[in-house]
Every structure is written in C-alpha cells, then in structure tokens.
Amino acid sequence: MKIGYACINQSLDCRSSRTFRLKNYSEERLKNTIDSNLDCLLKILKFNLKNKILFFRITSDLIPFGSHPIMRFDWQDYFKLRFREISKFITRNKVRITMHPGQYTVLNSKNRDVYENSVNDLKYHVDVLDLLELSPSAKVQIHVGGVYQDKKKSIMRFVERYEKLEENIKNRLIIENDDRSYSFSDILKINEKIKIPVVFDVYHHECLNNGTRIEKLFESFISTWKRKDGHPIVHYSSEHLTKGKCKHAETINIENFYKFILKTKSYNFDIMLEIKDKEKSALKAVKLLLDDPRFNKSIL
DNA sequence: TCACGTCAAGCAGAT
DNA sequence: ATCTGCTTGACGTGA
C-alpha cells in the first residue's frame, strides 16, 4: 500500500506547475518554464522518497500548453535526457505515478471540438508517462464527463470514443466516480463494457451513491484491475469542516482514515489523498501506517 | 513590493 | 443570467 498526494508540495519552495499566459508565449519562456518545472518535480520526488511517500500525481501543467495548438516545439526530444533522469529515479525507487487531466477534458462531449481537444490532451498526458518510460501501471485518470440530460446515451458515447483511442492511451486510461454526475455503480457499468480499470473515490461516493455501502462495492472495484495495471487506486478525502458537504477537507481526519483502512485491510491498493494541505496529510497517513504493526510492513 | 484583474479550455448545480 | 467548483490559484501589469 502506497500513500500519495496530488501535484503540489507546500513544504518546498518550488512548483512543478509554473505556467504563463498564452499571449506571452515564446519558445524561450517555454523552455525556461519546463526546465524549472522538471527541476521541481525531481525535488518533490526526492522529498517524497525521504518521507516514504511512494505515490504521486504529476501536474498537468508540467508542460504548459502541452496539448494546445500553439505548441509546435519538440519538447519531447529537447528534454529527453531530463525525463530520463527523472525516469530512473521513479523506476529505481518503485514510485507509483498518475496524472489527471483537468475539467476541460471531456471525452464524451457533444461538442466535436471539445472531443477532439480532449483526445489531444489525453495524448499529451500519455506522452509524459511514455517519456518517463513507465509501465502501464502509471495511469491517466479522468471522469466520464457530461450527462447532457441523457446518461445512457452519454455513457454510450464515452464507450464508443474510448474504443477509438490509440492503444497506448487505452493502456493507461482509468475512470473515477465523481460527486455529482457518475456514481460508482455507473462507473462499474462502463467497466463491464470496456474493462477499463476504475478508481474508487471514497469521498465522492459519500456525496453521490445509490445507498450502497463501501464494503459491498470493494470486491467489484478491486476486480476491475488486472495485474499489468498495478495495484488498484483509491482516492481519499474527507469533508471540509466549515464549507460543508462535498468540499475537500483542509487536512486529513486521521481517525476516519484509520477506520477506513481497517475496514478494507484485506485488500491491497494505493491511496491518493485529495486534501488541501497535500504532503502534510500524506505524512500523517504514512506515520499512522508505519506506527501500526498491522500495516508497517506493507507500506515499505 | 503588492494589489487585483484576468487567465485555453466544460459542465453541472446553486444563486 | 451569472457564479462557483472542480485535482490547483498563478500570472503579470500597473501603481
């Protein structure tokens, strides 16, 4: 079981998601920004390793405008040695990596342009993971997309478009239940059709479910993952104390986290924390597991 | 140095 | 109609 967090490390004084505005685009600026983003990414990964955090989501902003038409620069070739260096670090230390395209990537969109841009964006994300020479266990995770007042048709559109994707994208793509449109049981239905592995988002499930308890779903969730896909992935958050329902918490509620861990302890999976204070919560979770004899072997 | 208007992009739900 | 939130505020002009 690996513990991870998403994109940003607040303890370090760098960001791997520096970008710039489109109207300021220049090759020079692009190179500088990518250079500093890659520097920071490696710094974060080293910080993580030192703290036994072996799961990390790389930001989509690593390469600014990575899937935008303005991008003509061959960053894949120009930075290939830098990527190789990071690749070695990740592989040598068995770090699990994922990426998560943003809200503008909607594979099942009814708008043709949005659909085509989405395919390009998936290509960009997969490009990054391919450049890092990572196995198919490094995943690109998305939500199903829009409902457009007709969930059945929208799911069918997702399925058809998934099937048209190139193999290297299909090998990495996974889908996650969200908090307002597609519940976990919707996601499972899609899995039945195309066998795409599914991420179980514990907190989204609390916001949107069909009254089914986690324990009943866990077996079917786990079985959507094949050996080549690596360990199943769970997303974990808890409720924001003041902002209320379905807002991500500022920091992890470690008691609730522990309860969840106990409830699911017969399964092996990796946990991505989606919590505002990032690595701080990850450190707490790692410490909890290391201090508990039931888990301290499985995390190392 | 800092305030604050704006930034590539979609969708759903609340106001 | 407009605003907010989403995996996340950051950029950068103008004072």
Side-chain angles (χ1 to χ4, degrees), chain A residues 4-10 12-26 29-30 32-33 36-37 40-41 44 55-71 97-125 128 139-151 154 157-158 161 174-183 186 199 201-204 207-208 233-240 243-250 271-279 281-282:
Chain A
Y5 64 98
C7 307
I8 294 169
N9 180 304
Q10 298 174 335
L12 297 170
D13 60 353
C14 71
R15 284 181 178 268
S16 56
S17 53
R18 275 186 52 203
T19 181
F20 48 82
R21 294 197 180 162
L22 193 55
K23 64 174 180 177
N24 296 321
Y25 182 91
S26 75
R29 194 184 277 261
L30 181 72
N32 287 339
T33 306
S36 111
N37 285 349
C40 184
L41 175 60
I44 295 176
F55 186 16
F56 187 65
R57 179 190 300 163
I58 294 178
T59 173
S60 300
D61 290 332
L62 189 72
I63 311 295
F65 305 104
S67 66
H68 191 277
I70 199 173
M71 176 63 90
I97 295 290
T98 58
M99 292 185 82
H100 185 8
Q103 59 268 44
Y104 305 108
T105 299
V106 186
L107 191 60
N108 77 347
S109 176
K110 293 182 92 164
N111 178 328
R112 198 80 203 168
D113 288 341
V114 175
Y115 163 51
E116 284 168 9
N117 291 343
S118 299
V119 173
N120 282 334
D121 201 43
L122 292 179
K123 216 173 275 178
Y124 152 66
H125 284 83
V128 171
K139 295 299 187 189
V140 172
Q141 166 246 319
I142 57 173
H143 296 292
V144 180
V147 176
Y148 312 97
Q149 293 94 45
D150 189 338
K151 192 177 271 185
S154 298
R157 210 162 40 247
F158 181 91
R161 289 175 176 183
I174 57 179
I175 48 173
E176 175 190 348
N177 57 313
D178 64 79
D179 59 351
R180 64 180 68 171
S181 302
Y182 291 93
S183 71
D186 293 327
V199 173
D201 189 304
V202 178
Y203 190 51
H204 288 165
C207 302
L208 179 71
I233 296 174
V234 164
H235 284 184
Y236 188 90
S237 181
S238 34
E239 189 161 296
H240 194 286
K243 284 189 186 171
K245 209 163 158 43
C246 299
K247 301 281 181 287
H248 287 285
E250 292 296 322
I271 304 182
M272 169 65 52
L273 299 176
E274 293 187 326
I275 297 179
K276 301 282 181 203
D277 69 354
K278 303 291 176 184
E279 80 285 353
S281 283

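Here is how names work: the chains are called A, B, and so on, in the same order as the sequence lines, proteins then strands, and each is numbered from 1.
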Apply side chain to side chain donor-acceptor pair (under 3.5 Å) to the pair S17(A) and D61(A), showing each step before the final yes or no.
CA-CA 5 Å; S17(A) 53; D61(A) 290 332; 5.0 Å; no
Determine, stepwise, if the pair Y203(A) / Y236(A) fulfils ring pair (Phe, Tyr, Trp, His ring centres under 6.0 Å).
CA-CA 6 Å; Y203(A) 190 51; Y236(A) 188 90; 8.5 Å; no
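Under 4.0 angstrom from either OP1 or OP2 of dG9(C) there lies no side-chain N or O belonging to S17(A). Phosphate contact (OP1/OP2 of dA10(C), side-chain N/O of R15(A), threshold under 4.0 Å): present. An OP1 or OP2 oxygen of dC11(B) is reached within less than 4.0 angstrom by no side-chain nitrogen or oxygen of H143(A). Considering only side-chain N and O atoms, N24(A) lies under 4.0 angstrom from the phosphate OP1 or OP2 of dG12(C). At dG9(C), none of the side-chain N or O atoms of R18(A) fall inside 4.0 Å of OP1 or OP2 (strictly under the cut-off). Applying the 4.0 Å criterion to OP1 and OP2 of dT8(C), one finds that K276(A) has a side-chain N or O inside that range.
Of the C1' atoms belonging to dC6(C) and dA3(B), the separation is 26 Å, rounded to the nearest Å. As rounded to the nearest Å, dT8(C) and dT4(C) have C1' atoms that lie 15 Å from one another. Nucleotides dT1(B) and dT7(C), compared at atom P, are 35 Å apart to the nearest Å. To the nearest whole angstrom, the two P atoms, one in dC11(C) and one in dG10(B), are 22 Å apart.
G145(A) comes within 4.0 angstrom of nothing in the nucleic acid, heavy atoms only. As judged by a 4.0 angstrom heavy-atom cut-off over every strand, T105(A) is placed among residues making no nucleic acid contact. At a threshold of 4.0 angstrom between heavy atoms, the contacts of F65(A) include nucleobase atoms, whether or not backbone atoms are also involved.
An aromatic stacking contact links Y104(A) with the base of dA9(B), defined here by ring centres under 5.5 Å apart and ring planes under 30° from parallel.
Projected onto DNA chain C by closest heavy-atom contact, Q141(A) and K23(A) fall at different nucleotides, the more 5' of which corresponds to Q141(A).
Whole-Å rounding puts the E116(A) CD to dG10(B) P distance at 14 Å. Atom CD1 in I8(A) sits about 13 Å away from atom C1' in dC6(C), given to the nearest Å. The nearest whole Å value for the distance from the CG atom in L208(A) to the C1' atom in dC11(B) is 15 Å. Between D201(A) atom CG and dC6(C) atom P the separation is 12 Å, expressed in whole Å. If you measure from atom CG of L122(A) to atom C1' of dT7(C), you get 15 Å, rounded to the nearest angstrom. The distance from atom CE of M272(A) to atom C1' of dT8(C) is 14 Å, rounded to the nearest whole Å.
Across all strands shown, dA1(C) pairs with dT15(B); the Watson-Crick or G-U wobble distances both stay below 3.5 Å. Base-pair partner of dT8(C): not found among the strands shown (Watson-Crick or G-U wobble, both distances under 3.5 Å). Remark: dA8(B) base-pairs with no nucleotide in the shown strands. Criterion, Watson-Crick or G-U wobble with two distances under 3.5 Å.
Q141(A) has its side chain out of reach of M272(A): every pair of non-hydrogen atoms, C-beta onward, lies at least 4.5 Å apart.
Nearest to the side chain of R21(A), among dT7(C), dC7(B), dG10(B), sits dC7(B). If you check dC11(C), dG10(B), dT7(C) against the side chain of V106(A), the one that comes closest is dG10(B). Comparing dG10(B), dA12(B), dA8(B) by their nearest atom to the side chain of S109(A) picks out dG10(B).
A salt bridge links E274(A) to R57(A): one of the charged nitrogens lies within less than 4.0 Å of a carboxylate oxygen.
Residues D186(A) and S183(A) bring a donor and an acceptor atom of their side chains to less than 3.5 Å of each other.
Once rounded to the nearest 0.5 Å, the distance linking OG of S154(A) with CG of L107(A) reads 12.0 Å.
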